[in-house]
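Notes follow the structure.
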Amino acid sequence: MSRTTNNAGHPPLRRFGIASLGLLACAASVVACGPGEKEGAAPTKSASATAALEQYHAQKLEWTGCADFATSEREAEILKEAPAKCAWLKVPLDYDDPQGAATSVAVLRVAARGESRGSLLFNPGGPGGSGVLGPLAVTGALARSRITESFDVIGFDPRGVGATKPAADCWSEDGTTRGDKVFPLLPTNAALTQEDTRAVLKRCADGSGGVKALTQMGSRTTARDMDVLRTALGEEKLNFLGQSYGTRLGTVYAEQFPRRVRAMILDGAFDPRLGTVERRLSAYGGFQQTFEAMAATCAKDAKCPLGTDPKAWTSRFQAIVQPLRDKPVPAADQELDFDKALGGVMAGLYAPEKWPAVVSGLAEVRRGRGDKLLELMADTEGGDAETLVNGNVTEAMFAINCMDEQRLTPKDIARLRTKTYEIAPFMNPGGDVTEGARDGCEFWPAPPTLGIPYAQNVEDLPETLVVSITGDPTTPHKGAISLADTLGSSLLTVKGEGHTIVSSGKNTCVDQIAADYLIDLKLPAKMPTCSN
C-alpha cells in the first residue's frame with residue numbers, strides 16, 4: 001500500500017481541475033450563480049429552492065462541548081481539554097437541490113482572548129487536513145498575537161473530512177487489499193489496473209454515503225458551505241486565513257462570492273493557472289531543491305549519510321532507500337518500505353528544524369531500522385508510529401482531489417511519472433515507473449468541478465494578501481506570484497525555507513503585517529520582505 005505524498009499540496013498524507021467554469025457571485029443573494037450566470041441575470045432557481053437555501057443561511061449555531069466531534073481516540077483526548085466549543089452546521093447535500101437531503105459540517109470555535117471583532121475562518125490545508133483541530137494549533141502558536149486577541153478562530157471539517165457527514169471512507173473493512181494501492185492520489189510507482197480503480201470507487205461509494213455524496217466533495221461545494229457558515233456566524237463579510245490547499249479553498253470562495261470577502265490571507269499558495277500535471281511537477285521540483293538544501297547542510301558534517309559531494313547526494317540517498325522496495329526494515333511494530341521512507345523524508349523537508357531528524361533517520365536505515373522516518377511520517381499525518389492514522393485524511397484527500405483535479409489519461413500519468421524523476425531524481429523508486437500508470441479517479445461518477453484555470457477575472461474583490469516563503473518545497477514562490485497577480489492581491493515575500501508561516505507565531509515581521517491587515521485592513525505602502 002503506497003503512502004507517499006503525490007498530491008503536491010501539503011506534507012505527505014496531511015497537506016496537498018478543464019476549462020474555467022466562470023463562476024461569479026450573485027452579490028446580493030444567498031444563492032450563488034451557476035456556470036455562465038452573471039450578476040443581474042434573471043434568476044434560474046425556483047422560489048421554493050431559494051427559500052430552502054435561505055433557511056440554511058438563517059440557521060443559528062448551537063455551541064456545545066466537542067466530545068462528539070472526535071474521529072479518533074487521539075482527537076478525543078485533545079478536544080476533551082481544548083478551550084473550545086463545537087457545533088453542527090446544516091447544509092444541503094447538493095446545492096443544485098437545496099430541497100433535497102441535508103448533511104452536517106463539523107465546526108469548532110476558539111473565542112478571542114480579548115474583545116472579539118468577529119470570526120476568522122481558518123483552513124490548515126490538505127485537502128483532508130482536520131479543520132476542527134486546526135484552530136487549536138493556530139491559537140496555541142499565536143497565543144500572544146493580536147490576531148487571536150481580536151478574533152474568534154473558527155475551524156471546520158470540509159466536505160468528506162473528519163467529523164463532517166458523510167466522511168470519505170474508502171478502506172476495505174477487511175484491511176489492505178489489492179485496490180488500496182491507489183492511495184494516495186497518483187502514486188509514483190504503483191502499477192494499477194482497471195480492476196483496481198473500479199474497486200476503489202465501489203469502496204468509496206459504499207463507505208462514504210453513496211455516489212451522490214462523492215460528487216459533492218469538491219472545493220466548490222465546500223466554498224458554498226463556507227458562505228452558509230459565514231451567515232450562521234452572523235458575519236456580514238468573511239475573514240479567512242487559508243494555508244496550502246486552504247489557499248485554493250479561499251480563492252474559489254473569492255471567485256464565487258467576491259463581495260462577501262472582508263479580509264483574506266492566502267499562505268503557501270496554489271497557483272490557479274497551473275494544470276494538474278504542471279502544478280505537481282512544479283511542486284516536485286521544489287522538493288528536489290529543498291532536498292539539496294538539506295543535503296548541503298548535512299554535508300557540513302563529515303559523517304553525513306549523504307556524503308559531502310553535491311553531485312552524489314541524490315545517488316547516495318537512492319542507495320539508502322531504493323533497497324526498501326524489496327527489503328523493508330523493522331520500524332516500531334511494523335516495517336518501513338520505500339514509500340513510507342520517502343513519505344517520512346518529504347515530511348521532514350517541509351521545515352528546516354526537521355532536517356536533522358531526516359538525516360538521523362537515513363543513518364538509522366543504513367543500520368537496519370526505520371523508526372525515525374516512520375515517526376516523521378506519522379507525525380505529519382497527525383497520528384503516531386503505531387497507527388499511522390489521523391481520521392480519514394488520506395481518503396478525504398483522494399476524494400476531494402477526484403472532484404478538483406484534472407482527470408488524467410494513462411498517457412498523462414506515464415508522462416508525469418517520467419518527468420517527475422527527471423525533475424526530482426531523489427524521489428525515483430527505480431524500475432519501470434510507467435508500468436500500470438493510471439489515474440485512480442478514472443471511474444469517478446462525475447467529472448471534476450473546479451475548472452483550471454480558476455478564479456480568472458474576478459471583479460469587486462477587496463484587497464487580499466498572499467504570503468509566500470521563497471524556499472517553499474511544495475507550493476513554490478512563483479505560484480504565489482501567479483495567485484497574487486490573478487486576484488490583484490498584495491504579496492508578502494518571506495526569504496527562507498519552509499511551507500506556510502502566518503500561523504507559526506515565530507516571525508514578528510509576518511505576524512505584524514498579518515495582524516494589521518486582518519484587524520484594521522491596513523497594509524504597508526511599500527511591502528517589505530521578511531526573513532524566516
Side-chain angles (χ1 to χ4, degrees), residues 3-16 124-127 129 184 186 188 242-248 266-271 274 278-299 306 310 313-314 317 321 339 341-359 361-362 373 376-377 379-381 397 416 419-428 466-483 493-504 506-507 510 530-532:
R3 279 187 177 271
T4 307
T5 284
N6 297 297
N7 70 324
H10 234 230
L13 302 182
R14 171 172 169 255
R15 302 200 188 223
F16 233 18
L186 203 65
T188 57
Q243 298 190 292
S244 196
Y245 163 76
T247 67
R248 168 175 285 179
L266 305 173
D267 180 17
F270 273 37
D271 187 340
L274 288 185
E278 292 73 18
R279 187 176 64 80
R280 287 180 176 149
L281 291 176
S282 176
Y284 297 146
F287 273 112
Q288 180 69 32
Q289 292 178 11
T290 303
F291 168 79
E292 292 170 2
M294 180 198 70
T297 300
C298 174
L306 299 175
W313 287 336
T314 292
F317 175 78
V321 298
D339 290 327
L342 184 59
V345 170
M346 294 176 73
L349 293 179
Y350 276 84
E353 59 267 26
K354 292 187 177 181
W355 293 356
V358 174
V359 172
L362 293 173
L373 290 186
L376 269 174
M377 180 179 172
D379 179 64
T380 303
E381 285 189 302
M397 177 173 65
L416 173 57
K419 291 292 293 183
T420 291
Y421 303 124
E422 293 175 3
I423 292 172
F426 89 100
M427 294 174 58
N428 196 334
V466 173
V467 183
S468 174
I469 302 175
T470 55
D472 190 319
T474 187
T475 51
H477 182 60
K478 60 184 179 182
I481 296 173
S482 176
L483 178 59
T493 297
V494 183
K495 288 187 176 180
E497 304 287 340
H499 178 57
T500 73
I501 193 169
V502 174
S503 66
S504 70
K506 299 177 181 178
N507 192 299
V510 172
C530 300
S531 296
N532 188 19

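Residue indices begin at 1 and follow the sequence shown.
Between I423 and F287, the closest side-chain pair of non-hydrogen atoms is not below 4.5 Å. Looking at heavy atoms from C-beta onward, L376 lies in side-chain contact with K354 at the 4.5 angstrom threshold. At a threshold of 4.5 Å between non-hydrogen side-chain atoms, the residues Y245 and M397 do not count as touching. Using a 4.5 Å heavy-atom cutoff, the side chains of C530 and T493 are not in contact. Contact annotation: the side chain of F270 approaches that of T475 to within less than 4.5 Å [non-hydrogen atoms, C-beta and beyond]. Using a 4.5 Å heavy-atom cutoff, the side chains of V321 and L362 are in contact. Counting heavy atoms from C-beta outward, S531 and V494 have side chains that stay 4.5 Å or more apart. You'll find the side chain of V467 stays beyond 4.5 Å of the side chain of L266, heavy atoms only.
Side-chain atoms of T420 come within 3.5 Å of backbone atoms of L416 as a donor-acceptor pair (strictly under, hydrogens ignored). For S244 (side chain) and G246 (main-chain N/O), no donor-acceptor pair under 3.5 Å exists by modelled atom type. For the pair N532 (side chain) and E497 (backbone), a donor-acceptor distance under 3.5 Å is present.
Here the OH-CE distance, from Y284 to M346, works out to 6.5 Å after rounding to the nearest 0.5 Å. The OG atom of S468 lies 10.0 Å from the CD1 atom of I501; values are rounded to the nearest 0.5 Å. Of the inter-residue distances, the one linking S504 atom OG with H499 atom NE2 reads 12.5 Å to the nearest 0.5 angstrom.
Applying the side chain to side chain donor-acceptor pair (under 3.5 Å) test to T290 and every residue at least two apart in sequence or in another chain returns nothing. Not counting sequence neighbours, E292 has no partner by the salt bridge (charged side-chain N to carboxylate O under 4.0 Å, His left out) test. Partners of T314 according to the side chain to side chain contact (heavy atoms under 4.5 Å, CB included) rule, which considers only residues two or more places apart in sequence or in another chain, are Q288, F291, Q318, P425, F426.
In plain terms, the two heavy atoms of L349 and P473 that are nearest each other are O-CG, 3.8 Å. When all heavy atoms of W313 and A296 are compared, the pair lying nearest together is CH2-CA, 3.5 Å.
Looking at T500 and D267, their side chains never bring a donor and an acceptor atom within 3.5 Å of each other. If you check the side chains of H477 and T470, you find no donor sitting under 3.5 Å from an acceptor.
By the 4.0 Å N-to-carboxylate-O rule, E278 lies too far from K419 to be salt-bridged with it.
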Stepwise side chain to side chain contact (heavy atoms under 4.5 Å, CB included) test for L483 and D271
CA-CA 5 Å; L483 178 59; D271 187 340; 5.9 Å; no
Apply the test side chain to side chain contact (heavy atoms under 4.5 Å, CB included) to residues L306 and M294: give CA-CA distance (whole Å), side-chain angles for both, the deciding distance (0.1 Å), then the verdict.
CA-CA 10 Å; L306 299 175; M294 180 198 70; 4.1 Å; yes
